Amino acid sequence: MSLSHNRGIIEDFGRWREFTAGMWAWIFHKFTGWVLIGYLFTHIAVLSTGTIGPGAYTETIQSLESLVIVRVLEVGLLAVAVFHILNGVRLLMIDLGVGLDAQDKSFYASLILTGVIAVASVPTFLEGAF
């Protein structure tokens, strides 16, 4: 039998301080998954401009690439994709029984590696933007 707790009408949002690394990994994985799904729809919308006529797709890409915010968002997209991939591999290894005692360390390693890759990509993505 499970216990139910009366949290009242308003949820206590101060309990995020109690979250462990595993909970943050779960939250980030779900968030990045939803961001990638949102990007998929945007990607399809941009690709569909190719059906309008010859050159419409090229014009759309050129106009988007001329915006600095789009280039910054591309760095964010890379960070989201890299974290989602690394965390997915981490979860696969845990499901296979590898690294069960180092789940926190592997989560922090995936965060650090994501940050390093994202920061290293900034010059490439922002090249020619200014």
Side-chain angles (χ1 to χ4, degrees):
M1 179 183 286
S2 65
L3 297 174
S4 73
H5 301 282
N6 183 5
R7 298 188 190 273
I9 297 174
I10 299 175
E11 178 71 29
D12 179 19
F13 290 106
R15 64 193 181 120
W16 62 268
R17 293 183 210 107
E18 303 169 6
F19 288 177
T20 61
M23 186 63 167
W24 284 114
W26 181 80
I27 290 170
F28 290 163
H29 197 74
K30 296 298 176 190
F31 174 74
T32 57
W34 282 109
V35 169
L36 289 171
I37 288 172
Y39 171 72
L40 178 65
F41 288 110
T42 305
H43 184 67
I44 290 171
V46 169
L47 287 177
S48 69
T49 61
T51 62
I52 295 172
Y57 174 75
T58 305
E59 288 177 26
T60 302
I61 292 298
Q62 288 174 346
S63 64
L64 286 173
E65 288 296 319
S66 68
L67 301 172
V68 175
I69 187 70
V70 170
R71 292 179 180 233
V72 172
L73 288 172
E74 285 177 338
V75 175
L77 177 65
L78 176 72
V80 163
V82 167
F83 175 78
H84 197 77
I85 291 167
L86 291 175
N87 196 50
V89 170
R90 183 187 77 84
L91 290 172
L92 177 66
M93 291 299 167
I94 289 170
D95 286 346
L96 293 174
V98 178
L100 288 172
D101 53 344
Q103 290 185 44
D104 292 355
K105 293 176 187 172
S106 61
F107 168 65
Y108 295 132
S110 65
L111 281 178
I112 291 169
L113 191 56
T114 298
V116 168
I117 291 172
V119 169
S121 73
V122 168
T124 303
F125 280 105
L126 295 183
E127 183 180 345
F130 298 104

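Only this structure's heavy atoms are used, side chains among them; waters, hydrogens and symmetry mates stay out. Here the structure is a predicted model, which means the values were calculated and not measured.
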- Task: Might you point out which heavy atoms bring T60 and S63 nearest each other, and give the distance in Å?
- Result: O-OG, 2.8 Å
- Rounded distance (nearest 0.5 Å) linking atom CD1 of I117 with atom CD1 of I112: 12.0 Å
- Item | L78 and F125, any side-chain heavy atoms less than 4.5 Å apart | yes
- Message: Could you report the tightest heavy-atom contact between S121 and V75, atom names first, then the distance?
- Response: OG-CG1, 4.1 Å
- Which heavy atom of T114 sits nearest a heavy atom of F83, and at what distance? OG1-CA, 3.4 Å
- Query: With a 4.5 Å heavy-atom cut-off, do Y108 and K105 have their side chains touching?
  - Reply: no
- Message: I'd like to check T20 versus D104 (side-chain heavy atoms, cut-off strictly below 4.5 Å). Are they in contact?
- Response: no
- Query: L36, F41: one ILVMFWY side-chain cluster at the under-4.5 Å cut-off?
  - Reply: no
- Roughly how far, to the nearest 0.5 Å, is the CG atom of L100 from the OG atom of S106? 9.5 Å
- Can you tell me how far the OG1 atom of T49 sits from the CD1 atom of I44, to the nearest 0.5 Å? 12.5 Å
- Task: Would you mind reporting whether V72 and L126 have side-chain heavy atoms less than 4.5 Å apart?
- Result: yes
- Item | Cluster companions of Y57 among Ile, Leu, Val, Met, Phe, Trp, Tyr (side-chain spacing under 4.5 Å) | V46, L47, I61, L64, L67, I69, V70, L73
- Item | By side chain to side chain donor-acceptor pair (under 3.5 Å) - contacts of R71 (at least two apart) | none
- Query: Where does the angle between the aromatic ring planes of H84 and H29 fall among parallel (under 30°), tilted (30 to 60°) and perpendicular (over 60°)?
  - Reply: parallel
- Hydrophobic cluster membership, M23 vs F107, 4.5 Å side-chain cutoff: yes
- What's the spacing between L86 CG and L91 CG if we round to 0.5 Å? 11.0 Å
- Message: How long is the straight-line distance from CZ of F28 back to CZ of F31, given to the nearest 0.5 Å?
- Response: 9.0 Å
- Task: May I ask whether I27 and L111 are part of the same hydrophobic cluster, defined by side-chain heavy atoms of I, L, V, M, F, W, Y residues being less than 4.5 angstrom apart, directly or through others?
- Result: yes
